[in-house]
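Structure record follows, encoded as structure tokens.
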2 protein chains.
Amino acid sequence: MNRIRMESLENKVMTAEAASMLIKDGMTVATSGFTPSGYPKSVPLALAKRAEEGEKIGLTLVTGASVGDELDGAWARAGILKRRFPYQTNASSRNGINDGSVSYQDMHLSHVPQFIEYGFLGNIDVAIIEALAITEEGGIIPTTSVGISPQAVSEADMVIVEINTSQSMALEGVHDIYTTKKPPFRQPIPITHAGDRVGTTFIPCDPEKIAAIVFSDITDKVRPLGAIDEDSKKISGHIIKFLENEVNEGRLPNNLLPLQSGVGSVANAVLGGLLDSDFENLTCYTEVIQDSMFDLIDAGKVSVASGTSFTPSEEGLIRLNENMEHYAKHCILRPMEISNHPEVARRLGVIAMNTAIEFDIYGHVNSTNIMGSRMMNGLGGSGDFTRNAYISIFTTVSTAKNGDISSIVPFVSHVDHTEHDVEVFVTEQGLADVRGLSPRERARCIIENCAHPDYKDMLFDYLERAEAGKYSHEPHIMDESHSWHHRFLETGSMR
Amino acid sequence: MNRIRMESLENKVMTAEAASMLIKDGMTVATSGFTPSGYPKSVPLALAKRAEEGEKIGLTLVTGASVGDELDGAWARAGILKRRFPYQTNASSRNGINDGSVSYQDMHLSHVPQFIEYGFLGNIDVAIIEALAITEEGGIIPTTSVGISPQAVSEADMVIVEINTSQSMALEGVHDIYTTKKPPFRQPIPITHAGDRVGTTFIPCDPEKIAAIVFSDITDKVRPLGAIDEDSKKISGHIIKFLENEVNEGRLPNNLLPLQSGVGSVANAVLGGLLDSDFENLTCYTEVIQDSMFDLIDAGKVSVASGTSFTPSEEGLIRLNENMEHYAKHCILRPMEISNHPEVARRLGVIAMNTAIEFDIYGHVNSTNIMGSRMMNGLGGSGDFTRNAYISIFTTVSTAKNGDISSIVPFVSHVDHTEHDVEVFVTEQGLADVRGLSPRERARCIIENCAHPDYKDMLFDYLERAEAGKYSHEPHIMDESHSWHHRFLETGSMR
């Protein structure tokens with residue numbers, strides 16, 4: 001299989017070390033990658049080696065979302081990572097963010113592509129894009145994710161292409177690359193069903209901008225998925241019962257509406273629960289296509305899954321690679337601009353299911369900062385989908401740290417989604433449907449249905465004492481609002 | 001001028017008292033109206049009279065946004081108002097919300113039309129729609145606002161039309177009524193410029209549903225606008241200088257992008273400042289068309305203004321009525337679903353300018369609850385525009401209550417817009433452009449540029465002590481986060 005189909009580009013092939021020399025201290029680098037899928041690996045590792053050998057290199061890194069350890073991890077440990085947009089999940093980059101050595105802006109993912117184009121993140125000096133191949137016209141065929149690659153390519157001064165020979169050639173054709181113009185020239189995005197194909201199978205690229213082509217065979221560093229535990233099963237069960245009731249009440253079609261689901265084990269379990277449900281002919285319009293989606297496709301439950309990346313487990317990656325032609329018939333990988341676009345999410349009416357760190361009695365959600373200050377991963381696309389969903393669901397286990405933390409608190413320590421954004425809250429304890437409820441009604445519904453029994457009385461106590469105050473719309477006690485978090489930080493327990 | 005152009009409907013004319021008898025205790029009523037413009041008046045007053053005379057009537061009221069005193073005020077005082085969606089500004093309804101007698105859900109305005117259609121707010125028993133006239137087909141021609149009227153008409157079991165003869169007949173043709181289908185049948189909204197007309201000039205209505213037609217001549221109870229003070233002028237000046245610089249840097253076109261501006265005196269002043277600027281051929285895609293917009297149209301600065309209501313002052317109303325044919329050429333009134341739609345706001349790339357009660361050092365905004373618990377008005381459309389803007393600006397005066405309240409605080413007492421949603425903060429002190437900044441950088445930028453000098457040291461003191469803690473991404477001190485609000489509630493001052 002010819003990987004470089006435009007002959008004039010063959011002289012751009014070089015080693016990762018040589019390509020890395022194009023990247024200078026102080027630059028802003030935008031790369032492919034979304035979750036540990038489809039990110040460049042060889043050039044970042046070569047750059048990290050230079051820094052470890054003493055060269056001063058400090059960079060700004062912009063990606064679609066998280067990327068693998070060869071990029072976020074190696075760069076953070078080598079001291080290269082100075083500024084980071086818009087999401088990460090790597091232990092080393094997280095440490096850098098929380099010790100203050102990495103400046104991190106946690107962003108709505110749908111904002112990133114347009115902020116790059118608007119110039120709000122400054123000049124993009126270099127793009128590094130993992131590719132399957134380069135087409136006859138110089139177009140770049142992505143691998144296991146798309147993310148911000150189209151904007152990185154169009155806005156960067158130069159492009160380094162990292163052709164990854166470990167990726168299945170059956171990925172060719174799975175991508176659907178469509179981008180919007182900047183205002184005032186932007187047009188409607190012509191997607192009306194999750195499975196619509198509206199673009200090209202490659203990322204258009206001016207061949208003159210391709211400054212280097214590197215070959216690599218390092219595989220995506222996918223992460224293991226936790227086993228599906230009892231709590232996740234209960235959460236999944238509550239959601240499926242709720243969805244069944246919505247269908248019975250005539251508020252949802254029999255085959256629901258396109259499902260969006262966050263990343264990780266609980267999200268995977270929630271989707272997994274659909275396997276044993278009576279739902280059929282489902283569609284997904286989401287960011288990441290995880291293992292449970294493969295199960296749903298194999299079972300004939302899901303006809304089409306649209307996302308911006310394949311995010312399998314280690315076993316899932318093998319399964320995906322061995323059956324890529326099969327899955328490619330049911331899957332579409334789109335640019336993050338499109339997978340997360342408010343316009344499309346609102347039009348399709350996605351059912352958004354995302355995971356919270358904590359939520360409060362009035363329905364505000366913390367997705368990012370533990371105890372207010374400590375960044376976990378980031379916001380990701382949760383806001384893009386939550387705000388624009390047909391119905392928005394947040395899940396969490398009701399306690400953490402062996403019961404010392406209640407995930408339902410008087411006032412969340414950081415707000416990523418407001419009381420105006422979420423309709424349904426779910427823990428293993430139960431489900432709170434807060435549509436149409438005032439804040440005080442919401443509080444009772446959430447405490448009754450979602451809080452762990454160990455914390456219910458404490459939550460009601462806060463609510464009732466707050467209600468004894470002067471103003472009764474959304475009563476709070478300002479010197480106790482974050483007292484549970486303070487107590488945990490002081491004593492190791494919210495109790 | 002014939003007000004009822006469908007002959008078979010003439011026998012539906014009755015008194016407001018008779019029409020009010022169609023409304024029974026426990027019903028949900030959805031009405032026209034957005035700001036004190038275009039809301040029904042006679043039927044609500046007749047209903048209030050019945051309640052005041054001892055009849056037990058408790059209702060749920062759904063409107064576009066705030067409405068005039070004949071509806072929110074009279075119903076709150078008569079004890080009719082039990083549940084209220086999604087916004088209000090009336091002293092009596094606000095008192096009811098804050099004393100706990102009215103259950104209020106404060107919503108994103110763009111969510112309301114679809115939540116009505118989805119059945120999330122329950123059955124809509126009666127719609128009351130203020131109209132100029134009824135067309136030959138039974139279509140309803142709105143008056144000075146559109147709001148949720150299309151959905152109220154389509155979803156209600158019966159419709160009461162209140163023909164208001166005080167409204168200028170020159171309003172006919174100013175409306176552009178376009179609605180979307182529910183998912184999975186929703187299509188792209190074909191608007192690509194603020195001035196595009198894509199619908200009908202009337203609200204389609206099954207004539208069989210029209211249960212009563214009432215004539216009224218009560219005028220809109222418009223509100224006076226505060227004089228433009230020095231602080232508002234300074235805020236306006238900072239914004240215009242910023243926009244000029246964005247044009248110079250090539251990040252905005254010469255004629256900017258469609259302007260969105262919140263309601264009220266500061267918003268009016270900000271737009272007013274454009275009169276003396278060099279900007280020309282501006283467009284507006286917003287909710288409310290206020291007095292300053294008439295000035296900009298008259299000066300030839302604004303070519304088209306799209307909104308969902310005319311919201312003039314008392315003098316503005318006279319001016320509007322006397323020159324309606326002139327303003328109708330430059331203005332379009334759309335359903336709130338379209339004026340506030342994320343799809344259109346994001347596509348057009350609006351410049352969103354909204355007013356905060358307070359914002360915090362990390363860039364979270366409180367638009368609704370004073371000291372965390374006391375509802376002022378509501379969220380309105382600020383979230384619809386802010387999240388989807390090309391660039392989002394929030395303004396506030398840096399102090400309130402003669403300096404006893406700082407509008408910049410360590411942690412806002414209620415979060416309506418998150419750090420992920422806003423790019424620019426402005427007070428009379430200056431402007432903070434936080435694009436691309438990490439939370440701690442943002443804090444310094446906001447304190448330096450926006451805080452009142454009396455509070456700067458206190459804010460830096462909080463920030464620096466928080467930074468001394470263990471986690472440095474977005475450092476907070478959990479037992480001091482709301483201490484400023486607590487201090488104000490205890491002592492009457494944040495100092």
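Since we're looking at a predicted model, the values are computed, not measured. Residue numbers begin at 1 in each chain, while the letters A, B, ... track the order of the sequences.
The aromatic ring centres of A:F120 and B:Y390 sit less than 6.0 Å apart. Between A:F411 and B:H482, the gap from one ring centroid to the other is short of 6.0 Å.
Only the backbone of A:V412 comes within contact range of chain B, with at least one heavy atom under 4.5 Å from a heavy atom of that chain. With a threshold of 4.5 angstrom between heavy atoms, A:F85 approaches chain B through side-chain atoms but not through N, CA, C or O. Of the two parts of A:K181, neither the backbone nor the side chain holds a non-hydrogen atom closer than 4.5 Å to a non-hydrogen atom of chain B. For chain B, the nearby part of A:L348 is the backbone; its heavy atoms alone come within less than 4.5 Å. Both the backbone and the side chain of A:Q187 have a heavy atom closer than 4.5 Å to some heavy atom of chain B. The contact between B:P253 and chain A is made entirely by side chain atoms (from C-beta outward), counting heavy-atom distances below 4.5 Å. Using a 4.5 Å cut-off between heavy atoms, A:R84 does not touch chain B at all. A:L252 does not touch chain B: none of its heavy atoms, backbone or side chain, sits under 4.5 Å away. Interface remark: A:E249 contributes no atoms to any contact with chain B (heavy atom separation under 4.5 Å).
In this structure, A:E441 pairs ionically with B:R83, as a charged nitrogen and a carboxylate oxygen lie closer than 4.0 Å. Salt bridge B:R435/B:E246: present, at least one basic N to carboxylate O contact under 4.0 Å. Salt-bridge check for A:E343 with B:R346: failed, with every basic side-chain N at 4.0 Å or more from each acidic carboxylate O. Ionic pairing of B:E474 and B:R440 is not present here: no N-O contact between side-chain nitrogen and carboxylate oxygen is shorter than 4.0 angstrom.
Top candidate by heavy-atom pairs under 4.5 Å with chain B, chosen from A:T60, A:L437, A:N388, is A:L437. Note on B:P342, B:G469, B:G349: by heavy-atom pairs under 4.5 Å with chain A, the leading option is B:P342. Interface check for chain B: of the options A:H476, A:R374, A:H111, the most heavy-atom pairs under 4.5 Å are formed by A:R374. Contact count versus chain B (heavy atoms, under 4.5 Å) is highest, among A:R186, A:M375, A:R347, for A:R347. Your options are B:G383, B:P475, B:S103, and the one with the most heavy-atom pairs under 4.5 Å with chain A is B:S103.
One N or O on the side chain of A:D384 and one on the backbone of A:S110 form a donor-acceptor pair closer than 3.5 Å.
Of all residues spanning residues 360-369 of chain A, those with a heavy atom less than 4.5 Å away from chain B's heavy atoms are A:H364, A:N369, arranged by number.
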